[in-house]
Amino acid sequence: MRKGKFGKFGGQFVPEGLMGPLMELEEAYRCLSVQEVFRNDLSAYLSSYAGRETPLTFCANVSRDLGFRLYLKREDLVHGGSHKLNNTLGQALLARHMGKTRLIAETGAGQHGVATAIAGAVLGLSVDVYMGEVDIVRQRLNVFRMELMGARVIPVRSGTRTLKDAINEALRDWVARSADTHYLIGSVVGPHPFPLMVREFQSVIGRETRWQVQEAEGRLPDTLIACVGGGSNAIGLFHEFLQDEVRLIGVEAGGKGIGTGDHGASCCAGSPGVLHGALSYLLQDSDGQICPTHSIAAGLDYPGVGPEHSMLHDMERVEYVPVTDDEVLRAFSYLSKKEGIIPALESAHAIAQAMKMAGTVPRDHVVVVNLSGRGDKDVAQVAGMEGGA
Amino acid sequence: MTRLSDLFRTIGRPVLIGFTVAGDPDYESGIGIAKTIIGAGADILELGVPFTDPVADGPVIQKAHGRALSGGATTDRLFSTVREIRKSSDVPIVLLVYYNIIYRRGVGEFCREAAAAGIDGILAVDLPPEESEEMERHLGQHCIDRISIVTPGTSDERMKMIAGHTSGFLYLTTLLGVTGARERLAKESRELVRRAGKHSDLPLCVGFGISRPEHVREIVSTGAQGVIVGSAIVSRIEGHLDNVAAMNEDIREYVKTLRDAIGN
Ligand SMILES: Cc1ncc(COP(=O)(O)O)c(C=O)c1O
């Protein structure tokens with residue numbers, strides 16, 4: 001396999017100004033990630049600060065209702081409210097070792113921005129977060145949280161004013177300021193080494209899940225389900241199981257329905273192309289212009305998906321399926337009522353897919369859903385929609 | 001011999017390269033602006049290819065991409081823009097293009113159409129030599145020059161490698177960052193021209209941030225063979241969106257002052 005490639009996908013499709021910073025990062029990551037001090041440092045932060053390991057929760061009520069055995073991997077209980085901190089602590093530690101003093105990040109739902117703000121605060125690095133104006137409105141609570149922790153939130157007014165354009169702005173910033181700045185990307189997207197590095201930081205999810213299911217069920221699970229924006233929580237769960245006979249389902253943002261064009265389902269409805277430094281599945285028109293996307297979940301409102309997912313899609317190792325905004329809203333309130341757990345709208349995509357499995361599998365079928373984040377950030381948005389409906 | 005190498009071999013003075021985004025602010029006006037830039041004395045026309053996500057560009061050129069796309073820009077229209085310009089001009093035309101536009105068309109097909117339309121060089125902004133094997137093969141097949149960028153951050157070793165994958169000219173950026181006019185010229189440019197000259201025999205053209213005649217004179221004094229002006233031209237489009245005649249007049253006057261600053 002060529003450097004930084006997943007099959008034909010991935011690579012480093014960036015302007016020359018970014019090649020230097022990427023090579024510096026690649027080298028630092030290669031050296032540090034195998035060093036005991038670095039690994040010990042990271043695992044100490046993950047356990048005593050982030051709250052790992054996270055529980056694997058058996059959902060008795062939902063299991064009874066759906067007719068199979070459902071577990072939730074509780075990334076919603078990671079400090080900050082989502083899996084994003086697994087990655088930001090890793091990269092922020094790396095950045096500090098590299099002598100960088102400033103972190104920049106993009107954010108859609110605000111969860112990655114919050115996780116970067118947390119890591120920056122605790123590790124003493126300054127943080128600037130690029131966030132689309134549209135997302136600033138729909139995720140106001142997270143803007144406040146970031147600012148409270150000392151991060152500066154920079155509104156992005158270009159293009160679609162969502163996650164995609166926030167990444168563009170962060171890349172532009174990084175070209176000019178890589179001497180003191182690390183770009184802490186929030187998912188398994190972007191040029192090499194980001195997809196590899198972020199996957200390794202998130203793989204802790206799958207490693208824990210593996211022994212936790214073994215302990216609870218005495219065997220491996222039958223099906224794993226995770227939502228896919230860029231794909232970091234999904235690859236974090238799936239990667240440990242790629243060689244096993246486990247069904248893997250990645251759930252994409254079906255928005256108002258694939259047929260309407262208003263969605264964010266890059267694997268389900270996209271085609272290969274180059275955006276943000278990598279070749280991957282993209283939502284684009286016949287000229288290669290990137291399409292506007294839509295999702296009820298800001299964190300999935302992105303026209304691309306990571307290169308490794310693109311490869312797994314082509315190999316048919318992972319099934320990628322869309323669920324619609326309406327199905328997501330039903331899952332959001334279903335899990336809240338049945339189990340007392342409010343899922344993030346992103347994670348509710350995975351719940352919605354699990355709900356569709358009712359009646360299609362035997363009672364002893366073991367399903368693990370990655371509950372990538374908690375839904376507090378979405379409560380105001382959903383309340384507003386219900387009020388308006 | 002290509003148009004580009006002919007030009008640099010015979011001209012006997014530094015060249016002026018003028019940039020605009022094809023189809024900005026709309027198809028017809030975009031053609032007119034390109035002709036104005038050429039008519040006012042640009043030796044090479046650099047045409048930006050509209051893209052939704054121009055990550056190497058600052059706000060002024062980003063907006064130009066946006067206007068062109070709203071104005072109905074397509075890849076077909078890009079090539080017909082070039083064919084229209086070719087009806088009245090023989091200046092070398094170089095595309096500045098984000099790779100997805102090429103990839104989506106099919107690399108071979110894009111290069112074939114580009115050559116047929118009369119394009120002389122292609123600078124794929126986000127396609128480093130490491131990823132460009134297929135592209136180079138097709139460019140070679142169609143005798144299109146492959147232009148590359150080096151920055152003040154590019155190491156000596158890398159500069160040598162990049163130069164080995166380049167023909168036509170080497171594009172030197174004055175600074176680390178995105179396109180956009182700057183008040184003062186970064187002092188790194190002189191050092192960059194010196195370094196690049198050590199590692200390559202290609203003509204060296206300097207761009208990014210250049211907006212004033214005194215910038216042009218300063219670049220010329222470094223020994224560079226060309227000066228590239230982009231955002232400062234494009235901002236004159238933005239300044240006259242309601243009056244195409246005034247827009248062209250302003251651009252003509254401006255490009256003339258740049259051309260005068262080059263000298264003979
Ligand atoms: C809770 C949660 N889940 C999932 C995602 C999507 O990202 P990824 O696909 O990288 O896990 C986000 C992104 O903001 C998120 O906040």
Side-chain angles (χ1 to χ4, degrees), chain A residues 2-5 8 10-24 156-160 164-179 181 190-192 270-280 282-293 303-304, chain B residues 49-59 62-63 65-66 68-69 73-78 96-106 110 123-133 148-155 157-159 161-162 170-173 175-180 208:
Chain A
R2 278 174 51 212
K3 190 189 86 173
K5 298 277 177 172
K8 70 171 179 177
Q12 292 182 314
F13 295 87
V14 295
E16 172 58 21
L18 281 180
M19 287 304 286
L22 286 176
M23 289 188 290
E24 183 194 355
V156 174
R157 301 196 171 86
S158 58
T160 57
K164 167 183 80 95
D165 299 279
I167 295 181
N168 290 344
E169 279 312 316
L171 287 168
R172 289 179 185 121
D173 179 315
W174 202 33
V175 185
R177 285 201 56 182
S178 68
T181 298
H192 176 70
S271 54
V274 172
L275 179 70
H276 296 150
L279 178 66
S280 69
L282 294 182
L283 297 171
Q284 57 181 335
D285 71 12
S286 58
D287 272 341
Q289 306 295 347
I290 308 305
C291 296
T293 54
Chain B
V49 179
F51 185 46
T52 40
D53 295 86
V55 289
D57 287 297
Q62 283 174 43
K63 274 186 269 178
H65 283 267
L69 290 171
T74 62
T75 305
D76 284 342
R77 283 189 147 187
L78 164 74
L96 206 136
V97 54
Y98 288 87
Y99 185 56
N100 198 46
I101 303 294
I102 300 173
Y103 183 84
R104 188 68 170 146
R105 194 71 160 199
F110 189 93
L123 196 173
V125 189
D126 50 355
L127 189 73
E130 286 87 344
E131 304 284 358
S132 68
E133 204 181 298
S148 313
I149 285 189
V150 298
T151 77
T154 306
S155 68
E157 189 189 348
R158 198 172 160 75
M159 206 173 281
M161 185 272 285
I162 291 173
L170 203 55
Y171 189 137
L172 280 49
T173 69
L175 43 83
L176 282 168
V178 294
T179 57
F208 277 38

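Numbered from 1 within each chain, the chains take letters A, B, ... in sequence-line order.
Contacts with chain B were tallied for Gly159(A), Cys291(A), Ala179(A), Pro272(A); Pro272(A) has the most, counting heavy-atom pairs under 4.5 Å. Between chain B and the residues Pro191(A), Pro21(A), Pro15(A), the largest count of heavy-atom pairs under 4.5 Å involves Pro15(A). Annotation: maximal heavy-atom pairing with chain B below 4.5 Å, among Thr160(A), Leu279(A), Ile167(A), Leu171(A), occurs at Leu279(A). In terms of heavy-atom pairs under 4.5 Å with chain A, the best-connected choice from Thr173(B), Ile102(B), Thr75(B) is Thr75(B). Ranked by heavy-atom pairs under 4.5 Å with chain B, the list Val274(A), Leu282(A), Asp287(A) is led by Asp287(A).
In this structure, chain A has heavy atoms under 4.5 Å from both the backbone and the side chain of Phe51(B). Neither the backbone nor the side chain of Leu175(B) comes within less than 4.5 Å of any heavy atom of chain A. The part of Leu275(A) that comes within reach of chain B is its side chain, from C-beta onward, which places non-hydrogen atoms under 4.5 angstrom from that chain. For a residue to count as touching a neighbouring chain, one of its non-hydrogen atoms must lie under 4.5 Å from one of that chain's; by this rule Leu69(B) touches chain A with the side chain only. Neither the backbone nor the side chain of Asp173(A) comes within contact range of chain B; no heavy atom of the residue lies under 4.5 Å from a heavy atom of that chain. Looking at Ile290(A), both its backbone and its side chain come within 4.5 Å of chain B, counting heavy atoms on both sides. Using a 4.5 Å cut-off between heavy atoms, Pro54(B) contacts chain A through both its backbone and its side chain.
The structure places CZ of Arg177(A) at 12.5 Å from CG of Leu176(B), a figure rounded to the nearest 0.5 Å. We find the OH-CZ distance between Tyr103(B) and Phe110(B) to be 15.0 Å, quoted to the nearest 0.5 Å. Arg105(B) contributes atom CZ, which lies 8.0 Å from atom OG of Ser286(A) (distance to the nearest 0.5 angstrom).
Trp174(A) places no side-chain N or O within 3.5 Å of a backbone atom of Leu18(A) that could act as its donor or acceptor partner. Between the side chain of Asp126(B) and the backbone N or O of Tyr99(B) there is at least one donor-acceptor pair closer than 3.5 Å.
Between Phe208(B) and Tyr171(B), the ring planes are perpendicular. Angles over 60° get that label, and only those under 30° would be called parallel.
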Step by step, work out the salt bridge (Lys or Arg N to Asp or Glu O under 4.0 Å) result for Glu169(A) and Lys164(A).
-> CA-CA 9 Å; Glu169(A) 279 312 316; Lys164(A) 167 183 80 95; over 6 Å; no

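Residues that satisfy the side-chain hydrogen bond (donor to acceptor under 3.5 Å, both in side chains) test with Thr52(B), not counting sequence neighbours, are absent from this structure.
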